[in-house]
*Asks:* 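Dropping a structure here in structure tokens format, bear with me for questions.
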Amino acid sequence: MSVREVLVFPNPALRQKAECVTEFDDKLRRLVFDMWETMYISKGVGLAAPQIGVPLRVIVIDWEGSKRLLVNPELLESSGEIRDEEGCLSFPGIFEDVTRPERIRVAYQDENGERAEEAVEGFFARVFLHEMDHLDAKLLIDRVSAVKRAFLKKKLERKAK
Ligand SMILES: [Zn+2]
């Protein structure tokens, strides 16, 4: 059990699409445990497995005490639109306004493969959607305007050198 390194943009592993979890075994449970530890120590409200270099569809969320483990999450429905500020552990110090659906319905599995369905809204829904983006290799920087994206990209790539 250990805290893992959170990968920072432009690390290419963040651009790898994650695969579905098919084995609900001890290896998955160890990954989930490490993800909780890593998220808490990094003071994040959510963490997706690709952010620690593991290309699997696994997410942990703790937003104001509401904790969720999402394995193989799927977006079933979404409605409304809301703009709010968003950050990401893979973009330290960057906070950008992003427009996202206000209400969503999602299906997911737990570490034993049990399926659940849930409707969430507001900022909690935003956290779900942000983390689900990571599974499809979509990042915060892809959700901002083209001008902003070019500016951030330059700035972050320069910082990484
Ligand atoms: Zn993120």
Side-chain angles (χ1 to χ4, degrees), residues 1-75 82 84-98 100 104 106-114 116 118 120-144 148-149 152-153 155-161:
M1 313 285 176
S2 52
V3 171
R4 313 274 193 104
E5 185 196 350
V6 178
L7 306 180
V8 169
F9 181 87
N11 191 304
L14 294 169
R15 290 300 193 187
Q16 195 181 344
K17 205 168 179 288
E19 284 174 26
C20 279
V21 171
T22 52
E23 308 283 335
F24 295 85
D25 55 7
D26 282 346
K27 208 174 150 201
L28 174 65
R29 278 178 275 275
R30 269 198 299 276
L31 169 66
V32 169
F33 188 93
D34 286 358
M35 286 176 67
W36 285 119
E37 288 227 310
T38 305
M39 182 185 75
Y40 285 126
I41 215 137
S42 313
K43 299 190 185 337
V45 297
L47 182 75
Q51 289 181 280
I52 55 166
V54 178
L56 286 174
R57 303 185 85 79
V58 181
I59 288 167
V60 293
I61 293 172
D62 183 344
W63 183 66
E64 298 188 340
S66 291
K67 297 180 196 180
R68 294 291 185 278
L69 163 66
L70 314 179
V71 179
N72 301 331
E74 266 177 79
L75 183 63
I82 192 163
D84 207 341
E85 199 178 67
E86 227 169 86
C88 177
L89 291 175
S90 298
F91 291 84
I94 306 283
F95 296 91
E96 291 295 331
D97 277 352
V98 177
R100 293 197 187 267
I104 56 171
V106 287
Y108 53 86
Q109 288 169 284
D110 68 9
E111 71 266 51
N112 300 310
E114 290 293 327
E118 188 178 10
V120 286
E121 57 177 49
F123 204 86
F124 199 31
R126 174 174 298 275
V127 180
F128 275 59
L129 291 163
H130 175 105
E131 299 309 331
M132 286 163 72
D133 267 359
H134 277 294
L135 305 182
D136 293 323
K138 205 153 174 80
L139 303 174
L140 179 60
I141 199 166
D142 306 319
R143 296 287 186 190
V144 301
K148 195 86 202 203
R149 179 158 53 246
L152 285 174
K153 206 164 169 266
K155 180 175 154 181
L156 294 166
E157 282 170 352
R158 200 181 303 129
K159 211 174 118 188
K161 271 172 203 160

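Counting from 1, the numbers follow the sequence of the chain as shown. Quick note: numbers below take in every heavy atom, side chains included, and nothing from hydrogens, waters or symmetry partners. Just so we're clear, the structure is a prediction, and the values are computed from it rather than from any experiment.
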*Asks:* Looking only at atom types and distance, does a side-chain atom of R57 sit under 3.5 Å from a main-chain N or O of E19, one as donor and one as acceptor?
*Replies:* no
*Asks:* Between D34 (side chain only) and E37 (backbone N and O only), is there a donor and an acceptor less than 3.5 Å apart?
*Replies:*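 The answer is no, because no donor-acceptor pair under 3.5 Å joins these two groups.
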*Asks:* With rounding to the nearest 0.5 Å, note down the distance linking CD in E86 to CZ in F95.
*Replies:*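 Atom-to-atom, E86:CD and F95:CZ are 11.0 Å apart.
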*Asks:* Please tell me if the side chains of S90 and L139 come closer than 4.5 Å, counting only heavy atoms from C-beta onward.
*Replies:*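 Of all side-chain heavy-atom pairs linking L139 with S90, none is under 4.5 Å.
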*Asks:* I'd like to check V32 versus V58 (side-chain heavy atoms, cut-off strictly below 4.5 Å). Are they in contact?
*Replies:* yes
*Asks:* Tell me whether E157 is salt-bridged to K153, with the criterion being a basic N under 4.0 Å from an acidic carboxylate O.
*Replies:*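 Between K153 and E157 there is a salt bridge, with a charged N closer than 4.0 Å to a carboxylate O.
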*Asks:* Identify the two heavy atoms, one from V98 and one from L140, that lie closest to each other, and give their separation to 0.1 Å.
*Replies:* CG2-CD1, 3.7 Å
*Asks:* Taking it one step at a time, do W36 and K67 satisfy side-chain contact (heavy atoms from CB on, under 4.5 Å)?
*Replies:* CA-CA 10 Å; W36 285 119; K67 297 180 196 180; 4.0 Å; yes
*Asks:* Could you tell me whether the side chain of T38 and the main chain of V3 form a donor-acceptor pair under 3.5 Å?
*Replies:* no
*Asks:* How far apart are the closest heavy atoms of L31 and A49, and which atoms are they?
*Replies:* CD2-CB, 4.5 Å
*Asks:* Within a strict 4.5 Å, meaning less than it, do heavy atoms of the M35 and L47 side chains meet?
*Replies:* yes
*Asks:* Calculate, to the nearest 0.5 Å, the distance between atoms CD and CD1 belonging to E121 and I82 respectively.
*Replies:*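 Output value for this atom pair is 9.5 Å.
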*Asks:* Checking R29 against D26 for the side-chain contact (heavy atoms from CB on, under 4.5 Å) test, could you report, in this order, the C-alpha distance in whole Å, the side-chain angles of both residues, the deciding distance, and whether it holds?
*Replies:* CA-CA 5 Å; R29 278 178 275 275; D26 282 346; 3.4 Å; yes
*Asks:* Drop me the distance from L28's CG to R30's CZ, to the nearest 0.5 angstrom.
*Replies:*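 That separation rounds to 10.0 Å.
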*Asks:* Which word best sums up how the rings of H130 and H134 line up, parallel for under 30°, tilted for 30 to 60°, or perpendicular for over 60°?
*Replies:*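 It falls in the perpendicular class, over 60°.
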*Asks:* For the pair F24 and D110, evaluate side-chain contact (heavy atoms from CB on, under 4.5 Å) and give the outcome as yes or no after the intermediate values.
*Replies:* CA-CA 9 Å; F24 295 85; D110 68 9; 5.7 Å; no
*Asks:* Per the salt bridge (Lys or Arg N to Asp or Glu O under 4.0 Å) rule, which among K138, R100, R126 passes with D133?
*Replies:*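 Considering K138, R100, R126, a salt bridge (Lys or Arg N to Asp or Glu O under 4.0 Å) with D133 is found only for R100.
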*Asks:* Could you pull out the closest heavy-atom pair between L75 and M132, with the gap in Å?
*Replies:* N-CE, 3.6 Å
*Asks:* Between R15 and D142, is the closest basic N to carboxylate O distance under 4.0 Å?
*Replies:* yes
*Asks:* On a heavy-atom basis, which atom in P73 and which in L135 lie closest, and how many Å separate them?
*Replies:* CG-CD1, 3.6 Å
*Asks:* Going by salt bridge (Lys or Arg N to Asp or Glu O under 4.0 Å), R68 matches just one of E118, E131, E111. Which one?
*Replies:* E118
*Asks:* Work out which heavy atom in G46 is nearest to a heavy atom in L89; give both atom names and the distance.
*Replies:* O-CD1, 4.0 Å
*Asks:* So which atom in M39 and which in V45 form the shortest heavy-atom distance, rounded to 0.1 Å?
*Replies:* SD-C, 3.7 Å
*Asks:* In Å, rounded to the nearest 0.5 Å, how long is the span from CZ of F128 to CG of L70?
*Replies:*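 It is 5.0 Å, given to the nearest 0.5 Å.
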*Asks:* Atom CZ of R4 and atom OG of S42: how far apart are they, to the nearest 0.5 Å?
*Replies:* 12.5 Å
*Asks:* Whether the side chain of N112 engages the backbone of E114 through a donor-acceptor N/O pair (distance < 3.5 Å, no angle test) should be reported.
*Replies:* no
*Asks:* Could you give me the CA-CA distance, side-chain angles and deciding distance for I104 and L129, then say whether side-chain contact (heavy atoms from CB on, under 4.5 Å) is met?
*Replies:* CA-CA 9 Å; I104 56 171; L129 291 163; 3.9 Å; yes
*Asks:* Hey, what do you get for CG (L14) to CD1 (I52), rounding to the nearest 0.5 Å?
*Replies:*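 Reported value, rounded in 0.5 Å steps: 11.5 Å.
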